[in-house]
Amino acid sequence: MAITNSEIARIFEQMADLLEISGANPFKVRAYRNAARTVQNMGRSLEEMVEEGRDLTKLPGIGKDLSDTIEEIVRTGRFGKLEALKKELPEGLESLLAIEGLGPKRIRQLYDAFGVTSLDALAKLAESGEIYTLKGFGPKLVAKILKGVRLAKKAGHRFRYDIARPYAESLRAYLADFDGVIEVEIAGSYRRKKETVGDLDILVVAKAWQEVSDRFVAYEKVKEVVSKGPTRSTVILSNDLQVDLRSVPAESYGSALHYFTGSKAHNIKIRKMAMQRGWKINEYGLFEGDKQLAGESEEELYEKMGLCYIEPELREDRGEIEACMEGRLPDLVTLEDIRGDLHMHTTWSDGRATIEAMAEAAKAKGYDYIAITDHSRHLTVAKGLNEKRLLEQIEAIDALNEKMDGITILKGIECDILEDGTMDLPDSVLAKLDLVVGAVHYKFDLSREKQTTRVLKAIANPYVKILAHPTGRVIGHRNPYALDMETLYRACREEGVALELNAQPERLDLDDVHAKVAKEAGVLISVATDAHDIPSLDFMSYGINQARRGWLEKGDILNCRTLRQLRAFLKA
DNA sequence: GCCGTTTTCGGCCCGACTGTTTTCAGTCG
């Protein structure tokens, strides 16, 4: 009975939701949410830890009860207390929490009085007017609820980073351009470079807030003005992305930026540290009594707290505060550290640019090398290369390398890993290449055991040097396939195989958590764009964002190495 | 339900806003 950490985290979240609606002790609810976060953020598989008899109470936020609960879930696939609770409160009730304006108390009220358990039932009740018989439900709240129902029915309420970015950046520029704006910054998960963002939180220090707010709601892409207040205005953009603009006094800018950048967990930890010293942190500053100790800048805030500056990408309470205190915060990789791109396609398979055009574009980015890695024959829909065509491509690349200066084109392939773990092309052909990138492109639904065996066999092939998009997930579309990551990391280290952090914004695979654990396990990472055209070479920045969230440094990344060092790795 | 340089009991992050009230509960970030 295989179960992933994410699934366990989901169970804890559901438990927390239902407990909240049932009116349980709010701190118990919080304990479940904290545990869910711990489980979601940890790299090790809980299932394996249970099998190995590890002491789970060592994990933060996991005590005796939750440790037993995890064991129960791993061993039986069930959680008795949750099932008991579901008998009292029907399933689906927690889905109502997604509606703005509805929290546990009101949901409970609606259920007790009218038996509401679904969005449809809620909408019906609201439209009939019967809802007004409940205490505390007035016309404005009901209108908000009805709007929330319509919104909740639209799928996918988080936006992929790359989709939010153009909206975010043009709005930032629009505001920065205005005379009345002294500072402007987009905070929240956008600033932490999370792979998806829920909404945008923009902070401004304004000379005249009223004018800035007027300009904000007049932005051309604003579809709807939700509110326009004395310190905050909220709008919905044409793509349904919500944007909050907040006015912040200059002396509080740093604290506000820190507060609204989050993550919540990171902030809570810092705030607790302040409390222990008898201080208080809020969005206006760091205070000792009424005296402001810091607040103008984030740097000052961290310094006063006795901490070093922590990059936004690290602020997830995944050990960054402890690492800072122990002087082992990573020196995060930057885009400028990248010397080449080790995964891209051309017109030889399903790409849209020639080898030469891709090489020229990469050279213009200042890269020293690229690897051409078109698909192999099994991927017929992508015009995958057979032996004959691959040999022709090798000749073509040799000729280009003769001709071109300033960049080296490595001969590679993104070779399919077949169901039995053998490679799609014979070793005799793979031997002629500089680089073989192995990839799973079908049979995603094998059992964990079979999928792991398949991938391990592939990376044991002496020619395979990188495993592409290792978990196969596509954000909001396809879950990662079942794979024993711990064993994979070990095998990669032993075989000298790097794992890819695929920079396609819908993949970002490995993700941040996996990248961090892979690094800790001593595995090298290749941050690669998998570009199918020239503009997609720019995906590198998304890969770097995720790499930074995964604590990666220059030294952890294969394509930060010089060509000579890279060749040494490929030959080893 | 977790946790411990005031604690094995009694705490658990904090402030603002909204809509509904007539002093505040509920929700949100």
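First the proteins, then the strands, lettered A, B, ... as listed; each starts at 1.
A salt bridge is defined here as a Lys NZ or Arg NE, NH1 or NH2 lying under 4.0 Å from an Asp or Glu carboxylate O, and A:E298 with A:R315 meets this definition. For A:E83 and A:K86, the salt-bridge test fails: no basic side-chain N is under 4.0 Å from an acidic carboxylate O. The pair A:K519-A:E553 meets the salt-bridge criterion, with a side-chain N (NZ, NE, NH1 or NH2) lying under 4.0 Å from an Asp/Glu carboxylate O. Remark: A:D511 does not engage A:R549 in a salt bridge, criterion side-chain N to carboxylate O under 4.0 Å. Between A:R33 and A:D17 a salt bridge is recorded (basic side-chain N to carboxylate O distance below 4.0 Å). Using a 4.0 Å cut-off between a side-chain N of Lys or Arg and a carboxylate O of Asp or Glu, A:E320 and A:R328 do not qualify as a salt bridge. Salt-bridge formation is not detected for the pair A:R165/A:D162: no Lys NZ or Arg NE/NH1/NH2 atom is positioned less than 4.0 Å from an Asp or Glu carboxylate oxygen.
As rounded to whole Å, 14 Å separates atom P of B:dC14 from atom CD1 of A:I270. Here the P atom of nucleotide B:dG1 and the OH atom of A:Y32 are 5 Å apart, to the nearest Å. Following rounding to the nearest Å, A:R37 (CZ) and B:dC2 (C1') show an atom-to-atom distance of 14 Å. What separates NZ of A:K228 from C1' of B:dC17 is a distance of 17 Å, to the nearest Å. For the pair A:L141 CG and B:dT21 P, the computed distance is 10 Å after rounding to whole Å. Following rounding to the nearest Å, A:K28 (NZ) and B:dG10 (P) show an atom-to-atom distance of 19 Å. Nucleotide B:dG15 holds its P atom 13 Å from the CG atom of A:L286, rounded to whole Å. In this structure, the CH2 atom of A:W279 is 15 Å from the P atom of B:dC14, given to the nearest Å.
Between B:dC12 and B:dC17, the distance separating the two P atoms is 24 Å to the nearest Å. Rounded to whole Å, the C1' atom of B:dC28 lies 24 Å from the corresponding atom of B:dT22. Separation of the C1' atoms belonging to B:dG29 and B:dT23 is 24 Å when rounded to the nearest angstrom. When the C1' atom is compared between B:dG1 and B:dT5, the two are found 24 Å apart, to the nearest whole Å. Rounded to whole Å, the C1' atom of B:dT8 lies 10 Å from the corresponding atom of B:dC3. The gap from the P atom of B:dG26 to that of B:dT20 amounts to 14 Å, rounded to the nearest Å. B:dT6 sits 23 Å from B:dC2 when the P atoms are compared, rounded to a whole Å. For the P atoms, the distance from B:dA16 to B:dT21 is 24 Å, rounded to whole Å.
A donor-acceptor distance shorter than 3.5 angstrom exists from the side chain of A:S22 to the backbone of A:L19, with no hydrogens or angles considered. Of the possible donor and acceptor atoms, one in the side chain of A:T76 sits under 3.5 Å from a partner among the backbone N and O of A:E72.
Base contact: A:N25 has a heavy atom under 4.0 Å from a base atom. The residue A:P139 sits close only to the backbone: its heavy atoms come under 4.0 Å of sugar-phosphate atoms, none of a base. At a threshold of 4.0 angstrom between heavy atoms, the contacts of A:K269 with the nucleic acid are absent.
Under 4.0 angstrom from either OP1 or OP2 of B:dC17 there lies at least one side-chain N or O belonging to A:T231. Between A:Y284 and B:dA16 there is a side-chain N or O to OP1 or OP2 distance below 4.0 Å.
Remark on DNA chain B: of its neighbouring residues A:N282 and A:G136, the 5'-side contact belongs to A:N282, judged by nearest-heavy-atom nucleotide.
Screening A:E520, A:E51, A:E52 for a salt bridge (Lys or Arg N to Asp or Glu O under 4.0 Å) with A:R44, the sole residue that qualifies is A:E52. Each of A:E311, A:E313, A:E316 was evaluated against A:R192; a single residue qualifies, A:E316, per the salt bridge (Lys or Arg N to Asp or Glu O under 4.0 Å) test.
Nucleotide B:dC12 forms a Watson-Crick or G-U wobble pair with B:dG1, both donor-acceptor distances falling under 3.5 Å.
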Completion exercise
Per-nt protein contacts along nucleotides 23-29 of chain B (heavy atom under 4.0 Å; B base, S backbone sugar-phosphate only, - none) come out as ---SSSB
Pick out the pairs of N or O atoms, protein on one side and nucleotides 3-7 of chain B on the other, that lie under 3.5 Å.
| unit_1 | atom_1 | unit_2 | atom_2 | d |
| --- | --- | --- | --- | --- |
| B:dC3 | OP1 | A:G61 | N | 2.8 |

